[in-house]
Amino acid sequence: MRKKTVSFLASGRGSNFRVVAEHVLGGNIHGKLGILISNKKDAQALELAVDFGMKAFFVDPADFRDRDEYDRELIRLLREYKTDLVVAAGYMKILTPVFVTAFRHRIINIHPALLPSFPGTHAQEQAFNYGVKISGCTSHFIDEGTDTGPIIMQAAVPVLENDTIEGLSARILKEEHRVLPESVRLFCDEKLEVKGRVVRIKK
Ligand code: GRF
C-alpha cells in the first residue's frame, strides 16, 4: 500500500501535531509528512514543523478577500505537496464548504469533548461548567458543520471531585494524544469506511 502524505493545519502550540508527526517519523503510522499551514504567525506549531524538517507556511488571512479565497490558497498548497490526509490539529478557523468538498472524508479533527456535546471553542470549560461527570475527546472527519462530522474514535475522561478546568483539560489532552495518532494510523492503513455519518473500522 502506498504511503499517504499527511499534512496539517494548526493555529497554536501544536502538541497534537507533534505527537502525530512523531508517530509518522517513528514508523507507527504508515505515512509521510507533508506540510503544515497556520493562520497564525506566532503559532508554535510552525517552528515545530521546521524542526521536523517539514515545509511550514503562515498564510495570512488578511491577504485574502474572503474565506473562500483563503481556503482556495490552502487547497492549492496542500495539492501542490500531494496531500492525501489533512489533520486539523488545533486549527481555530472554520473550514469553508469549498475546502471540505476538496478533501471530503480526508480531513480529521480532534475535539476536546464527547461530541455531539459541547461543540465549538472552550469545549473543556463548557463541559466542566455544565457539570458533566464524564467528558473526553473525539476524533472525526470534518464536514460543513461545526464539529458535526462522522466520528472516528472517542475516549472518555471522568470529571473528578475538586477537579479544575485546567486539570480536566490536561487529562483530556493526554487522551487526544492517543486518539488522534491512532485515527491517522487507521486512515493511512485504509481501515476507515464512512457510510453516511457512521465510520466503520475495518478489521
Ligand atoms: C486541543 O485541545 C484540541 O482538541 C483543540 O485545540 C487544542 C489544540 O492543542 N482542537 P494543540 O495545539 O494540539 O496543543
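Numbering of ligands and ligand atoms starts at 1, following listing order. FYI, side chains are in, hydrogens and waters are out, and symmetry mates aren't considered; it's all heavy atoms of this structure.
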Checking the N or O distance criterion of under 3.5 Å, is ligand 1 in contact with S15?
yes
Tell me whether N16 has any N or O atom under 3.5 angstrom from an N or O of ligand 1.
yes
Should R67 and D71 count as an ion pair when the cut-off is N to O under 4.0 Å?
no
Assess whether salt bridge (charged side-chain N to carboxylate O under 4.0 Å, His left out) is satisfied between R72 and E69, documenting all intermediate values.
CA-CA 5 Å; R72 280 203 191 91; E69 209 180 272; over 6 Å; no
Suppose clustering is done on Ile, Leu, Val, Met, Phe, Trp and Tyr with side-chain heavy atoms closer than 4.5 Å. Which residues sit in the same group as I107?
L9, I35, I37, F57, V59, F64, Y70, L74, I75, L77, L78, Y81, V86, Y91, L95, V98, F99, V100, F103, I142
How close do N16 and A89 get, counting heavy atoms only, and between which atoms?
CB-CB, 4.1 Å
Among all protein non-hydrogen atoms, which one is nearest to atom 10 (N) of ligand 1, and what is the separation to 0.1 Å?
I110 O, 3.1 Å
Identify, for atom 4 (O) of ligand 1, the protein heavy atom at the shortest distance, and state residue, atom and that distance.
E176 OE1, 2.7 Å
Near G90, which atoms of ligand 1 are under 4.0 Å from a heavy atom of that residue?
6 (O), 8 (C), 10 (N)
Is there any N or O on G14 that sits under 3.5 Å from an N or O of ligand 1?
yes
Summary of salt bridge (charged side-chain N to carboxylate O under 4.0 Å, His left out) pairs that have at least one residue in residues 190-203, sequence neighbours excluded
K4-E190, E193-K195, E193-R200
